[in-house]
Engineer: 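I have a structure I would like to understand better, so I am pasting it below and will then ask my questions one at a time.
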Amino acid sequence: MRRRLLLAGLTVLFTGAALRAQIAGDVLGMHNLGPSGGSPITGARPDACAYCHAPHSGMNVGLWNQKLTTQNYTTYTSNTEKNTTTQPVLGSDSNHCLSCHDGTVAMGTTVAYGSVATHGSMYSSDIFGSNMQTSHPFSLALPIKDNIDLVSSLVANGTTADSTKAIRLINGNIECTTCHNPHVQAIDQVSQNFLAKNGANGQICLACHDPSRQSGSQVNPLADWATSIHALSTGKLSSQAGVGSYSTVGIDACSACHASHNASTNARLLRGQNEQDCIACHNGGSNVSPLAPYTNVFAEYAAPKIGHPIPSSANPHDATEATLLNNNRHATCVDCHNAHGSEQVGVFPAPPLLRVSQKDIAGISATDGTSILTPAVNQYENCLRCHGTSTGKQVLAIFGYFPIRAVSVGDPLNLIPQFSAAATSSHPVMHTRSSGLPQPSLLSYMLNLDGTTQGRAMGTQILCTDCHNSDDNREFGGAGANGPHGSKWTHILERRYEFSQTAIPGQQINNLFPSPDLSVNGPYALCGKCHDLTNQIMQNTSWNQHNAHITTGFSCSVCHTAHGMGTTSATISGERLINFDLNVVTQNNGSPVTYTRSTNTCVLVCHQTAHNSDGTVTVVSSSRRRVGIGK
C-alpha cells in the first residue's frame with residue numbers, strides 16, 4: 001500500500017482499512033522516523049521525537065532539532081486575495097515544517113545529534129521545493145486584512161470561528177500548524193493528514209471562511225454555501241476521483257474542488273483548471289455515484305454536439321473578469337453557475353426567473369445593458385453578460401448559418417433591442433407577450449421533445465433556454481442536462497430548425513424542403529414546439545400564403561426573425577416578427593425590400609421570383625443583377 005510521509009503543511013490521501021487501524025493506535029503516525037515507526041523513511045535513532053526535538057542543546061524555539069531551511073519561496077498570490085504572503089520567519093512553525101518538506105535539508109540532519117543515518121526517501125509529491133504558489137497562503141503580512149468571505153473575528157480579535165480552538169492563529173498569523181497537528185496523524189480518522197480537527201463538511205475551512213457574512217453592497221462569493229447542492233450532495237466519491245478523502249461530495253465539501261496543497265492552479269487552489277475542476281464529477285464517469293443522467297453536463301460537448309466555447313489556454317477565465325464580458329471568447333461553467341450557491345433544480349419556476357442551478361450568478365440589466373446585477377434575478381440577465389452590449393462578439397461558423405436582417409441597427413448580436421418591449425414585435429423573453437394581433441397558431445402548452453406530450457403551459461413569457469437548450473434536456477422530457485451547454489442542432493438549439501440559404505440573394509434557394517415533415521423530426525421542429533404547424537399554419541389561419549410557401553420548401557427564416565425587430569423601419573412594418581433575411585432576398589427593380597401589413601404585401605425578389613407591390617409575382621431570370629432587377 002502506497003504511503004506518504006507528511007509533516008504539518010502537507011495534505012496527502014491515505015486509504016484502506018488496514019492503514020486506518022494501524023494509525024488509530026499511534027500518535028506520531030508517519031512522523032515517527034524510528035526503526036519501527038512505519039514511515040517510508042526510517043532512521044537509526046529509536047527515540048521518535050528526537051528527529052524534530054531535543055531536550056537539551058536544541059534550538060531555543062520548541063526545542064527544535066532539525067536543521068532549519070533557509071530557502072526562499074514563491075508564495076501564493078491571487079488577484080482576489082487582499083492579504084499578501086511573506087517569507088516564513090526562521091524558526092517559525094512553517095519554517096520548521098518546510099525544513100523537511102522543501103527538500104533542501106536532508107532528513108535526520110539534527111542540531112543536537114549531528115546527521116542521523118536514514119533509509120528510504122520521501123515521495124516527490126511530498127517535496128514542495130521553492131514553489132508554494134499552489135498551497136494555501138501562510139506567513140501573511142500582518143496585520144491580517146479583512147474580507148467579506150472571512151470570519152470577522154480574524155481581524156477583530158485574532159480568533160477563528162472554531163469553537164474547539166483546534167484551528168487557531170499562530171502568533172496572530174496563518175501557519176502550517178493552524179490547520180495541522182504534526183504530533184497526531186489521525187485526529188481525523190478518514191483523512192489522516194495530521195489535521196488539527198475533523199475536516200469533514202469543510203469544518204477546517206469554515207473556521208476562517210464565513211459564507212453567511214454580509215456587509216453592505218459587498219458580494220460574498222461563498223454566499224448560500226450551506227444550502228448548495230455541493231454542500232448537501234450525498235453522491236458517493238470513488239477513490240479514483242482524486243478530489244478528497246471523504247465518502248460523499250457533501251462531506252468532502254470544499255476539498256472536492258479545492259486542494260490545500262499541490263493544487264493544479266495557482267489562484268483559488270482549484271483541483272483543475274476552470275471547467276476541468278467540474279469535469280471530475282460532471283462527466284458521467286464513475287467518480288461519483290449515483291448521479292442522475294442530467295448531471296453529465298460534459299456529454300453535451302461531445303461530438304457531434306457543439307457547445308458554448310470552452311476557453312483555451314490563451315484565453316482562460318479569471319475571477320476578476322468584468323460582469324459585462326467584452327471581447328469574450330469563452331463560456332466557462334462559472335460564467336453561468338456559482339458553485340458555492342448552486343442548488344439542484346426540483347421545480348422549474350415560471351419564466352423569466354433564473355433557475356436555482358444558477359443561484360447567485362451575476363447578470364446585466366436589460367434596461368440599459370450595462371448595470372450589473374449581483375445576483376441576477378432573471379435568466380436572460382445572465383445571458384446578457386455576453387449577448388448584450390458587450391463588444392468584440394463574433395459570428396462563428398461552427399454554430400451554423402447567420403441571417404442578415406433587413407431591419408437592423410448597430411450591433412446585430414446585441415439582443416437587448418431585439419427583445420425590447422419597444423420592438424414592433426419580438427418573442428416575449430425580456431417582457432410579457434403583448435401583441436394585439438390574434439395568434440391562432442400558438443399552443444396552450446409547449447410540446448416536449450417527443451413532439452406530442454404537453455410540457456410547460458405557454459404563459460405570457462418564455463426563456464432563452466426554451467429555444468437554446470441541450471437537445472436532450474430533462475425539462476422537456478429528455479434525460480440530459482438543462483441549459484445551452486451543447487446540442488446536435490445549430491446555434492445550440494433544442495430542436496431542429498433549418499435556415500433557407502442561397503449563394504446569391506434573390507436567386508434559387510439551395511436547401512428547399514418541399515412538403516416538409518411537420519413532426520418533431522422535420523426541419524421546423526423548433527417552431528412546432530410552440531406553434532401548431534399542421535392545423536393552423538398550414539391551414540393559413542394567420543396568413544393565406546403560409547401553405548404555399550412552406551409546401552414549396554421555404555423556411556420560416558426567410559421572412560421571420562427569431563428574436564425581434566430591434567428597431568423601426570419605414571419600409572417594413574415588422575408585425576409578427578417579419579424581418580426578411582437579406583442573404584436570401586433582394587430588391588425588386590431597385591425598390592427597398594418592404595412589407596406592409598395593412599395590404600399584406602411585400603416587395604422583394606426571392607428564389608428568382610419578384611414580389612410586386614400590387615400583390616402579383618413574376619418569375620425573373622437568374623441572369624438579372626441581384627440589385628435593381630429590370631434595369
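Atom set for the values below is all heavy atoms of this structure, side chains included, hydrogens, waters and symmetry mates excluded.
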Engineer: Gln133 vs Thr77, test: side chain to side chain contact (heavy atoms under 4.5 Å, CB included). Steps then yes/no.
Structural biologist: CA-CA 7 Å; Gln133 285 184 311; Thr77 58; 4.3 Å; yes
Engineer: Can you check whether His387 reaches Leu413 side chain to side chain, under 4.5 Å on heavy atoms?
Structural biologist: no
Engineer: What do the steps show when you test Asp149 against Lys82 for salt bridge (charged side-chain N to carboxylate O under 4.0 Å, His left out), and what is the final call?
Structural biologist: CA-CA 11 Å; Asp149 67 332; Lys82 292 185 177 180; over 6 Å; no
Engineer: Checking Thr69 against Thr104: is there a side-chain donor and acceptor pair closer than 3.5 Å?
Structural biologist: yes
Engineer: Give a yes or no answer on whether the side chain of Ser342 reaches the backbone of Ser357 with a donor-acceptor pair at less than 3.5 Å.
Structural biologist: yes
Engineer: Taking salt bridge (Lys or Arg N to Asp or Glu O under 4.0 Å) as the cut-off, I'd like each qualifying pair that reaches into residues 232-246, sequence neighbours left out, listed once.
Structural biologist: none
Engineer: Do you know which two heavy atoms are closest between Tyr51 and Leu33, and how far apart they sit?
Structural biologist: OH-O, 3.6 Å
Engineer: Using only atom types and a distance under 3.5 Å, with no angle test, would you say the side chain of Asn378 pairs donor to acceptor with the backbone of Glu381?
Structural biologist: no
Engineer: Any side-chain heavy atom of His96 sitting closer than 4.5 Å to one from Gln66?
Structural biologist: no
Engineer: Output yes when a side-chain donor or acceptor of Asp93 lies under 3.5 Å from a complementary backbone atom of Cys176, and no otherwise.
Structural biologist: no
Engineer: Keeping the roles fixed (side chain from Asn32, backbone from Gly29), state whether a donor-acceptor pair exists under 3.5 Å.
Structural biologist: no
Engineer: I need the minimum non-hydrogen distance between Pro221 and Val219, along with the two atoms involved.
Structural biologist: CD-O, 3.3 Å
Engineer: Using modelled atom types and a 3.5 Å cut-off, is there a donor and acceptor pairing between side-chain atoms of Thr248 and backbone atoms of Ile251?
Structural biologist: yes
Engineer: So Ile174 and Leu169, do their side chains get closer than 4.5 Å, heavy atoms only?
Structural biologist: yes
Engineer: Decide side chain to side chain donor-acceptor pair (under 3.5 Å) for Ser371 and Asp368; before the verdict, give the C-alpha distance in whole Å, the side-chain angles of both, and the deciding distance to 0.1 Å.
Structural biologist: CA-CA 7 Å; Ser371 296; Asp368 58 18; 2.5 Å; yes
Engineer: Ignoring hydrogens and geometry beyond distance, is a side-chain donor-acceptor pair present between Ser130 and Gln71 at under 3.5 Å?
Structural biologist: no
Engineer: Are Glu300 and Tyr294 close enough that a side-chain donor and a side-chain acceptor fall under 3.5 Å?
Structural biologist: no
Engineer: Parallel under 30°, tilted from 30 to 60°, perpendicular over 60°: which one fits the rings of His340 and His258?
Structural biologist: parallel
Engineer: Give the C-alpha distance, both sets of side-chain angles, the deciding distance and a yes or no for side chain to side chain contact (heavy atoms under 4.5 Å, CB included) between Thr85 and Phe138.
Structural biologist: CA-CA 6 Å; Thr85 56; Phe138 64 98; over 6 Å; no
Engineer: Applying side chain to side chain donor-acceptor pair (under 3.5 Å), name anything that partners Arg45, two or more places apart in sequence or on another chain.
Structural biologist: Asp47
Engineer: For the backbone of His468 and the side chain of Thr465, can you confirm whether one donor and one acceptor N or O come within less than 3.5 Å of each other?
Structural biologist: no
Engineer: Under a 4.5 Å cut-off applied to non-hydrogen side-chain atoms, are Asp252 and Val249 in contact?
Structural biologist: no
Engineer: Which atoms form the tightest heavy-atom contact between Cys333 and Glu275, and what is the distance?
Structural biologist: SG-CB, 3.7 Å
Engineer: In terms of relative ring orientation, are Trp64 and His53 parallel, tilted or perpendicular, with 30° and 60° separating the classes?
Structural biologist: perpendicular
Engineer: Mind listing the closest non-hydrogen atom pair of Asn198 and Ile204 along with its distance?
Structural biologist: O-CG1, 4.3 Å
Engineer: Is it the case that Tyr113 and Asn65 place a side-chain donor and acceptor less than 3.5 Å from each other?
Structural biologist: no
Engineer: Minimum heavy-atom separation for Val288 to Cys281, with atom names?
Structural biologist: CG2-SG, 3.4 Å
Engineer: I'd like to know whether Glu175 forms a side chain to side chain donor-acceptor pair (under 3.5 Å) with Ser94, so could you lay out the CA-CA distance, the side-chain angles of the two residues, the decisive distance to 0.1 Å, and finally the verdict.
Structural biologist: CA-CA 6 Å; Glu175 303 288 358; Ser94 296; 2.4 Å; yes
Engineer: For the residue pair Gln358 and Asn382, confirm or rule out a side-chain donor-acceptor distance under 3.5 Å.
Structural biologist: yes
Engineer: Given side chain to side chain donor-acceptor pair (under 3.5 Å), test Thr332 with Asp335 step by step and report yes or no.
Structural biologist: CA-CA 5 Å; Thr332 65; Asp335 286 320; 3.2 Å; yes
Engineer: Side chains of Tyr73 and Leu98, heavy atoms from C-beta outward: is any pair under 4.5 Å?
Structural biologist: yes
Engineer: Under a 3.5 Å cutoff, is there a donor and acceptor pairing between the side chains of Asn283 and Asn296?
Structural biologist: no
Engineer: Is any side-chain heavy atom of Thr178 closer than 4.5 Å to one of Ile167?
Structural biologist: yes
Engineer: Test Ser139 against every option in Thr86, Asn95, Thr75, Asn173 by the side-chain hydrogen bond (donor to acceptor under 3.5 Å, both in side chains) rule and name the one that passes.
Structural biologist: Thr86
Engineer: Are side-chain heavy atoms of Thr389 and Leu324 found at a separation under 4.5 Å?
Structural biologist: yes
Engineer: For the residue pair Leu463 and Arg355, what are the closest heavy atoms and their distance?
Structural biologist: CD1-NH2, 3.2 Å
Engineer: Could you please spell out the steps behind the side chain to side chain contact (heavy atoms under 4.5 Å, CB included) verdict for Ser191 and Tyr246?
Structural biologist: CA-CA 7 Å; Ser191 177; Tyr246 304 100; 3.5 Å; yes
Engineer: Test ring pair (Phe, Tyr, Trp, His ring centres under 6.0 Å) on His261 and His180; report intermediate values, then the result.
Structural biologist: CA-CA 12 Å; His261 308 279; His180 296 278; 5.7 Å; yes
Engineer: Is any side-chain heavy atom of Ser153 less than 4.5 Å from a side-chain heavy atom of Thr159?
Structural biologist: yes
Engineer: Could you tell me whether Lys197 and Asp162 make a salt bridge, using a distance below 4.0 angstrom between a side-chain N and a carboxylate O?
Structural biologist: yes
Engineer: Kindly state whether the ring of His330 and the ring of His317 have centres lying under 6.0 angstrom apart.
Structural biologist: yes
Engineer: Distance-only, no hydrogens or angles: does the Asp277 side chain make a donor-acceptor pair with backbone N or O of Arg271 under 3.5 Å?
Structural biologist: yes
Engineer: Begin from the C-alpha positions of Thr80 and Ser78 and carry the test side chain to side chain donor-acceptor pair (under 3.5 Å) through to its verdict.
Structural biologist: CA-CA 5 Å; Thr80 56; Ser78 167; 3.0 Å; yes
Engineer: Tell me whether Arg213 is salt-bridged to Asp146, with the criterion being a basic N under 4.0 Å from an acidic carboxylate O.
Structural biologist: yes
